[in-house]
**Student:** 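Supplied in structure tokens, the structure appears directly below.
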Amino acid sequence: MQPAQTPCPSTGILVQCRPGFEADALLELEAAARAARLIGKGEAVGTPGATLFRLDSPQPHDELRRRLDVSHLVFSRQAFQLIGRVEGFAGRDRLGPLLKALEALGERFSAILPETPDTNDGKEQAGFLRRFVPLLEAALAETGQLRPDSPHLPRLHVFLPGGDVALLGLSVASEGSAWPMGIPRLRMPKDAPSRSTLKLAEAIQTLLTPEEQHSTLRSGLQAVDLGASPGGWTWQLVSRGLRVTAIDNGPMAPSVVATGLIEHLRVDGFTWKPRKPVEWMVCDMVEQPSRIAPLMAEWVAGGRCRRSIFNLKLPMKRRHDEVERCRALIDQRMRAAGLKYILRIKHLYHDREEVTCYLTRR
Ligand SMILES: C[S@@+](CC[C@H](N)C(=O)[O-])C[C@H]1O[C@@H](n2cnc3c(N)ncnc32)[C@H](O)[C@@H]1O
């Protein structure tokens with residue numbers, strides 16, 4: 001099989017999201033496509049947990065990637081460019097039709113990501129994919145289309161939306177999640193006091209580069225946790241050796257207190273200020289996003305902390321609009337201070353009706 005001469009065409013962008021968030025994911029995707037002057041429209045995928053922007057005219061995948069960076073999408077757990085569709089994906093020979101479709105595309109891949117919607121039906125399909133993908137890997141390795149030693153090549157997504165259809169997609173590692181379906185495999189730490197500890201663990205892995213994790217989450221640095229009780233987020237920080245001032249009227253779990261690395265203050269997280277600047281402020285207070293966003297911007301712009309990870313709770317219907325409102329509030333404060341900044345926002349797998357943000361000065 002010869003290497004591809006020209007990048008294969010993409011017919012659209014498929015975004016996987018938490019079931020129930022398809023409308024927000026599509027609004028966001030359409031807005032991003034409009035900004036990139038891409039002509040097309042939203043199309044039902046026929047399953048919860050996914051949404052599709054269909055291009056009016058297909059684009060070479062590298063050109064589409066240059067125009068639209070899907071890694072910035074908030075409500076996307078995983079995203080790929082749609083490059084193929086195999087109908088009649090049922091019965092005994094499912095490998096043959098898939099291989100034929102892939103051969104026609106003429107692309108080489110670094111990895112295969114087996115994916116389904118995050119639903120009960122999807123779980124059944126995932127069981128099939130676990131058995132099927134090793135066969136596909138072996139067949140593509142033999143034809144030279146799968147090259148795990150070439151990480152610069154795109155990844156192949158095999159997405160089963162249900163029925164007898166397989167969707168084929170392509171993404172490069174920097175634009176999609178490393179985990180199939182964007183679902184991290186994180187184990188609940190034995191002595192962490194609440195499951196919400198996994199939210200901060202996922203945020204650290206998703207929103208920070210490995211270099212940022214290494215240099216900013218280390219022993220001896222100071223952190224503040226606003227809304228800390230019972231201590232799941234604090235646990236993530238103290239387990240990396242940071243000293244934490246935990247702000248909450250509620251109690252801190254004994255396993256966290258026993259580390260000797262926390263000071264617990266029963267005060268109001270909206271008015272309390274540290275005496276000296278700290279490296280980190282994290283915040284999981286349950287409050288209106290329009291109150292949290294300006295507070296976070298104030299901490300970073302005013303130099304109380306260098307960086308922050310925080311949640312914006314989104315119990316409302318129009319969640320995409322609310323996120324954009326908060327983004328504008330943060331932008332306003334940072335601009336007023338004449339500061340360049342980094343703001344990354346993601347609806348994480350461990351987030352329910354909320355998104356998680358990372359904010360720091362550039
Ligand atoms: C979702 S819980 C935090 C869970 C925590 N991140 C963990 O991992 O264990 C929200 C916390 O915010 C606290 N909270 C709400 N408003 C607050 C305020 N104004 N000041 C301080 N804490 C507040 C609540 O008492 C509650 O314990």
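Remember, it's 1-based here, ligands and their atoms both numbered in the order they're listed. Scope of the values below: all heavy atoms of this structure, side chains included, with no hydrogens, waters or symmetry mates.
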**Student:** Are Glu353 and Lys313 within salt-bridge range, i.e. N to O under 4.0 Å?
**Tutor:**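 So Glu353 does not pair with Lys313 through a salt bridge.
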**Student:** Looking at Glu322 and Lys317, is there a salt bridge between them, counting it only when a charged N and a carboxylate O are closer than 4.0 Å?
**Tutor:**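 No, this pair does not count.
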**Student:** Taking the basic N atoms (NZ, or NE/NH1/NH2) and the acidic carboxylate oxygens, is any pair closer than 4.0 Å for Lys41 and Glu43?
**Tutor:**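 Salt bridge: no.
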**Student:** Assess whether a salt bridge exists between Lys100 and Glu103, defined as any Lys/Arg side-chain N lying under 4.0 Å from an Asp/Glu carboxylate O.
**Tutor:**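 Salt bridge absent between Lys100 and Glu103.
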**Student:** Going by the atom numbers of ligand 1, which of them fall below 4.0 Å from some non-hydrogen atom of Gly232?
**Tutor:**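 Atoms satisfying the 4.0 Å criterion: 7 (C), 8 (O), 9 (O).
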**Student:** If you measure from each non-hydrogen atom of Ser194 to ligand 1, which part falls under 4.0 Å: side chain, backbone, both or neither?
**Tutor:**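 Side chain only.
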**Student:** Do the side chains of Lys346 and Glu202 get close enough for a salt bridge, i.e. N-O under 4.0 angstrom?
**Tutor:**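 Salt bridge flag = no for Glu202 with Lys346.
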**Student:** Which heavy atom of the protein is the closest neighbour of atom 4 (C) of ligand 1, given with residue, atom name and distance?
**Tutor:**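 Sorting protein heavy atoms by distance from atom 4 (C) of ligand 1 puts Ser229 O, 3.2 Å first.
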**Student:** Give a yes/no verdict on whether any heavy atom in Asn311 is under 4.0 Å from an atom of ligand 1.
**Tutor:**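 The answer is no: ligand 1 sits nowhere under 4.0 Å from a heavy atom of Asn311.
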**Student:** Identify the closest protein heavy atom to atom 27 (O) of ligand 1: which residue and atom is it, and at what distance?
**Tutor:**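 For atom 27 (O) of ligand 1, the nearest protein heavy atom is Asp248 OD2, 2.8 Å.
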**Student:** Contact between Asn249 and ligand 1, counting heavy atoms under 4.0 Å?
**Tutor:**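 For ligand 1, residue contact (heavy atoms, under 4.0 Å) with Asn249 is absent.
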**Student:** Have a look at Gly250, Gly227, Gly269, Gly231 and point out the one with the heavy atom closest to atom 12 (O) of ligand 1.
**Tutor:**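 Of the listed residues, Gly227 has the closest heavy atom.
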**Student:** Look only at interatomic distance and state if Trp233 has a nitrogen or oxygen under 3.5 Å from any nitrogen or oxygen of ligand 1.
**Tutor:**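 Yes; the residue has a nitrogen or oxygen that sits under 3.5 Å from a nitrogen or oxygen of the ligand.
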**Student:** What protein heavy atom lies closest to atom 8 (O) of ligand 1? Include the residue and the distance to one decimal.
**Tutor:**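 Result: Ser196 OG, 2.5 Å.
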**Student:** Among all protein heavy atoms in this structure, tell me which lies nearest to atom 19 (N) of ligand 1, with the distance rounded to 0.1 Å.
**Tutor:**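 The protein heavy atom lying closest is Asp268 OD1, 2.8 Å.
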**Student:** Hey, is Ala228 one of the residues with a heavy atom under 4.0 angstrom from ligand 1?
**Tutor:**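 Heavy atoms of Ala228 do come under 4.0 Å of ligand 1.
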**Student:** For atom 23 (C) of ligand 1, which of Met285, Arg291, Lys313, Met252 has the closest heavy atom?
**Tutor:**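 That would be Met285.
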**Student:** Show which atoms of ligand 1 fall inside a sub-4.0 Å distance from at least one heavy-atom site of Val267.
**Tutor:**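 By the 4.0 Å cutoff, the relevant atoms are 20 (N), 21 (C).
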**Student:** Is any side-chain heavy atom of Arg319 less than 4.5 Å from a side-chain heavy atom of Phe21?
**Tutor:**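 Yes. Closest side-chain heavy atoms under 4.5 Å.
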**Student:** With a 4.0 Å heavy-atom cut-off (strictly under), which part of Thr234 contacts ligand 1: side chain, backbone, both or neither?
**Tutor:**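 No part of Thr234 comes within reach of ligand 1.
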**Student:** In this structure, is the centre-to-centre distance between the rings of Tyr341 and Tyr358 below 6.0 Å?
**Tutor:**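 Between Tyr358 and Tyr341, the centre distance exceeds or equals 6.0 Å.
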**Student:** Quick one: do Asp351 and Arg18 make a salt bridge, cutoff under 4.0 Å?
**Tutor:**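 Looking at Arg18 together with Asp351, the answer is no, because their closest N to O distance does not fall below 4.0 Å.
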**Student:** Within the 4.0 Å heavy-atom shell around Phe270, which atoms of ligand 1 are there?
**Tutor:**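 Checking each atom against Phe270, I get 19 (N).
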**Student:** Please indicate whether Arg266 has more than 12 foreign heavy atoms, meaning atoms of other residues, nucleotides or ligands, lying under 6.0 Å from its CZ.
**Tutor:**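 Yes, the 6.0 Å shell around CZ holds more than 12 heavy atoms from other groups.
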**Student:** Can you tell me which residue among Val355, Thr356, Asp24, Leu312 is in a side-chain contact (heavy atoms from CB on, under 4.5 Å) with Val74?
**Tutor:**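 Looking at Val355, Thr356, Asp24, Leu312, the match for Val74 under the side-chain contact (heavy atoms from CB on, under 4.5 Å) is Val355.
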**Student:** May I ask you to identify the nearest protein heavy atom to atom 10 (C) of ligand 1, giving residue, atom name and distance to one decimal place in Å?
**Tutor:**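 Nearest protein contact, heavy atoms only, for atom 10 (C) of ligand 1 is Asp284 O, 3.4 Å.
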